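In what follows, a structure is listed as structure tokens, so that the remarks can point back to it.
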Amino acid sequence: MRRAIGLMSGTSLDGVDVALIETDGETIRVERSHNGYLEPLGPTGYRAYSDDDRALLRQALIDAEAVTERSERPGCLREAEELVTRLHAEAVENFLSENGLTAADIDVIGFHGQTVVHRPDQKMSVQIGDGRALSRRLGIKVVSDLRHADIEAGGQGAPLVPVFHRALAQASGFADSLGILNIGGVANATLIARDGRILAFDTGPGNALIDDWMRERTGHALDDNGRTAARGRPDEPLLAWLLIHPFFSRRPPKSLDRNWFSHKLAGQLSTEDGAATLTAFTARAVARALDHASDPPTRWIVAGGGARNGELLRQLNYHLRAEITTADAIGWSSAFLEAQAFAYLAVRSLEGLPITFPSTTGVSQAISGGVLAHPGE
């Protein structure tokens, strides 16, 4: 078993998640509580972005639209990359200090970076953040750039988390058909059939459009527990039009760039009705995932920021017609699942084990990935 730290900064641009797990790249070290559910896999931490940090990262998303080669850093991208690297380093340093750990206690760090471009059809996905600089500063091996090998081999480069989802499901003893839904800025689903086959893909927008809407209309970063959406009424004609987008009928695997859809599509609506419409859009896009399920899940486990949105969970319960459980309720982590996954993927990368598969990214064969940086480099 290796001790690995995973780092995640998602498309919601809220901050850096930090999580430690112990794994050999196949199984995960777990403990069970008295009710049979998993105890937390390990300590976690969080480093919030400031308003200035988020403003720079949002500008980086705009400037990244001009990128035509992965190495290009137009506009503020170089400054943003240095910021991302520094803030991730500070997040790890604080985490180690708070948990009485040193660099010598950690075997590897899985560093996702901040996605600014995701165009798999053009064989391009860019996550800013310097893995080598992070490794040098922390004195720990770092595995980064985990999507590139898959993209070069013809895959979508996303989602990467499904192999970790399967390991968690196995550790929890789930035997029936299962859906695991992670709702970050973009939402992605992992469908695990009774025979263990996995199918994974982005379902559509997650929290990004709702968050953008609330920031623009109210100045708040999110719709707390979906209260604003619950007071509104969805615009049904607009929803029907949004859901005929070709993305939703495309067979998986498939992935979505954060900027494919905009909250401004609801711009003519009131604050409450716009929030209701965008929340319904996320929920109904997830329901469309069932069009592609050969063994529809009898149970869904919801993680990510969306797991804290009561109105979104209510709509998912209505449209999915299956048992809905949050990750926290069964001993998983709604907030840190992706950070834990990148710790797991880093160890799989070290071991040369595959991290993406034909049924998760559309790559022609299962492959490993990631770029390893040593502290001395």
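Every value quoted in this text rests on a predicted model; they were computed, and no experiment measured them.
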List the atom of Gly25, the atom of Thr23, and the distance in Å for their closest heavy-atom pair.
N-OG1, 2.9 Å
Restricting to non-hydrogen atoms, name the atom on Pro297 and the atom on Gly179 that form the minimum distance, rounded to 0.1 Å.
CB-N, 3.4 Å
Determine whether Leu168 and Ile180 make a side-chain contact, defined as any pair of heavy atoms from C-beta on separated by less than 4.5 Å.
no
Other hydrophobic cluster members with Met1, side-chain heavy atoms of Ile/Leu/Val/Met/Phe/Trp/Tyr under 4.5 Å, chained?
none
Shared hydrophobic cluster for Ile140 and Leu146 (ILVMFWY, side-chain gaps under 4.5 Å):
no
Looking at Arg197, is its backbone amide N or carbonyl O close enough to the side chain of Asp195 to form a donor-acceptor pair, meaning the two atoms are under 3.5 Å apart?
yes
Between Arg308 and Asn225, is any pair of side-chain heavy atoms under 4.5 Å apart?
no
Less than 4.0 Å between a side-chain N and a carboxylate O, is that true for Arg233 and Glu272?
no
Side-chain donor/acceptor of Asp63 to backbone N/O of Cys76, under 3.5 Å:
yes
Does the distance from a Lys or Arg side-chain N to an Asp or Glu carboxylate O, for Arg215 and Asp223, drop under 4.0 Å?
no
Ignoring hydrogens and geometry, is there a side-chain-to-backbone donor-acceptor pair from Ser349 to Leu345 under 3.5 Å?
no
Polar side-chain atom of Thr282 near backbone of Gly206 as donor-acceptor pair, under 3.5 Å:
yes
Quick one: hydrophobic cluster around Trp260, which other residues, with the 4.5 Å side-chain cut-off, linked directly or via members?
Val186, Leu209, Ile210, Trp213, Met214, Leu238, Leu239, Trp241, Leu242, Leu243, Ile244, Phe247, Phe248, Leu256, Phe261, Leu265, Leu269, Leu278, Phe281
Could you check whether Thr85 and Asp130, counting side-chain N and O atoms only, form a donor-acceptor pair closer than 3.5 Å?
no
Once side chain to side chain donor-acceptor pair (under 3.5 Å) is applied, do any residues pair with Asp291, and if so which ones, sequence neighbours excluded?
Arg288
Does a side-chain heavy-atom distance below 4.5 Å link Val126 with Met124?
yes
With sequence neighbours excluded, residues passing side-chain contact (heavy atoms from CB on, under 4.5 Å) with Glu98:
Asn94
The side chain to side chain donor-acceptor pair (under 3.5 Å) partners of Arg54 (sequence neighbours excluded) come to Asp51
Tell me yes or no: between the side chains of His148 and Arg70, is some donor less than 3.5 Å from an acceptor?
yes
Check for a donor-acceptor pair, side chain of Ser262 on one end and backbone N or O of Lys264 on the other, with a separation under 3.5 Å.
yes
Cluster overlap Val142 with Ile5, hydrophobic side-chain contacts below 4.5 Å:
yes
Using distance alone, with no hydrogens and no angle criterion, decide if Ser9 and Gln114 have a side-chain donor and acceptor under 3.5 Å apart.
yes
Test side-chain contact (heavy atoms from CB on, under 4.5 Å) on Arg299 and Thr325 and set out the steps.
CA-CA 8 Å; Arg299 181 178 196 172; Thr325 307; 3.6 Å; yes
Who passes ring pair (Phe, Tyr, Trp, His ring centres under 6.0 Å) against His112, sequence neighbours left out?
Phe342
Once side chain to side chain donor-acceptor pair (under 3.5 Å) is applied, do any residues pair with Asp53, and if so which ones, sequence neighbours excluded?
Ser50
Asn309 (side chain) donor-acceptor with Gly306 (main chain) under 3.5 angstrom
no
Let's go through His118 and Ser255 carefully: what are the C-alpha distance in whole Å and the side-chain angles of both, what is the deciding distance for side-chain hydrogen bond (donor to acceptor under 3.5 Å, both in side chains) to 0.1 Å, and is it a yes or a no?
CA-CA 9 Å; His118 187 67; Ser255 60; 2.8 Å; yes
Share the residues that join Leu353 in a hydrophobic cluster, the rule being Ile, Leu, Val, Met, Phe, Trp or Tyr side chains under 4.5 Å apart at the heavy-atom level.
none
Please evaluate residues Asn188 and Thr203 with respect to the criterion side-chain contact (heavy atoms from CB on, under 4.5 Å), reporting the C-alpha separation (whole Å), side-chain torsions for both, the decisive distance (0.1 Å), and the verdict.
CA-CA 5 Å; Asn188 59 74; Thr203 62; 5.9 Å; no
Can we say Glu81 and Arg73 salt-bridge, meaning some charged N sits less than 4.0 Å from an Asp/Glu carboxylate O?
yes
Stacked cation flag Arg314 on Tyr318, 6.0 angstrom / 45 deg:
no
Ignoring hydrogens and geometry, is there a side-chain-to-backbone donor-acceptor pair from Tyr46 to Val16 under 3.5 Å?
no
Qualifying residues under side-chain contact (heavy atoms from CB on, under 4.5 Å), relative to Arg137, sequence neighbours excluded
Arg86, Ala89, Glu90, Glu93
With a 4.5 Å limit on heavy-atom distance, are the side chains of Ile106 and Leu96 in contact?
yes
Restricting to ring pair (Phe, Tyr, Trp, His ring centres under 6.0 Å), what partner residues turn up for His263, sequence neighbours left out?
none
Are the side chain of Gln315 and the backbone N or O of Ala283 linked by a donor-acceptor pair below 3.5 Å?
no
Would you find a donor on one side and an acceptor on the other, under 3.5 Å apart, between the side chain of Asp150 and the backbone of Gln156?
yes
Trp300/Leu178 under side-chain contact (heavy atoms from CB on, under 4.5 Å): CA gap, chis, key distance, verdict
CA-CA 6 Å; Trp300 286 84; Leu178 181 69; over 6 Å; no
Group every Ile, Leu, Val, Met, Phe, Trp and Tyr by side-chain heavy-atom contacts under 4.5 Å, then state whether Ile324 and Phe174 land in the same group.
no
Are Leu160 and Val143 linked, directly or through intermediate hydrophobic residues, by side-chain heavy-atom contacts shorter than 4.5 Å (ILVMFWY only)?
yes
Can Glu351 and Arg2 be counted as an ion pair, charged N to O under 4.0 angstrom?
yes
Is it true that Lys123 and Glu69 have a side-chain N and a carboxylate O under 4.0 angstrom from each other?
no
Kindly say whether Ala229 contributes a backbone atom to a donor-acceptor pair with the side chain of Thr279 at under 3.5 angstrom?
no
Does the distance from a Lys or Arg side-chain N to an Asp or Glu carboxylate O, for Arg194 and Asp176, drop under 4.0 Å?
yes
Report the C-alpha distance between Asp105 and Arg3 in whole Å, list the side-chain angles of each, state the deciding distance to 0.1 Å, and finish with yes or no for side-chain contact (heavy atoms from CB on, under 4.5 Å).
CA-CA 7 Å; Asp105 296 317; Arg3 260 186 174 178; 3.7 Å; yes
Starting from Leu56, can I reach Val116 by hopping between I/L/V/M/F/W/Y residues whose side chains sit under 4.5 Å apart?
yes
Full working for side-chain hydrogen bond (donor to acceptor under 3.5 Å, both in side chains) between Gln127 and Thr115:
CA-CA 4 Å; Gln127 288 73 44; Thr115 298; 3.2 Å; yes
Holding to side-chain contact (heavy atoms from CB on, under 4.5 Å), I want the full list of residues that pass it with Pro253, two or more places apart in sequence or in another chain.
none
Results of side chain to side chain donor-acceptor pair (under 3.5 Å) for Glu72 - residues two or more places apart only:
Thr68
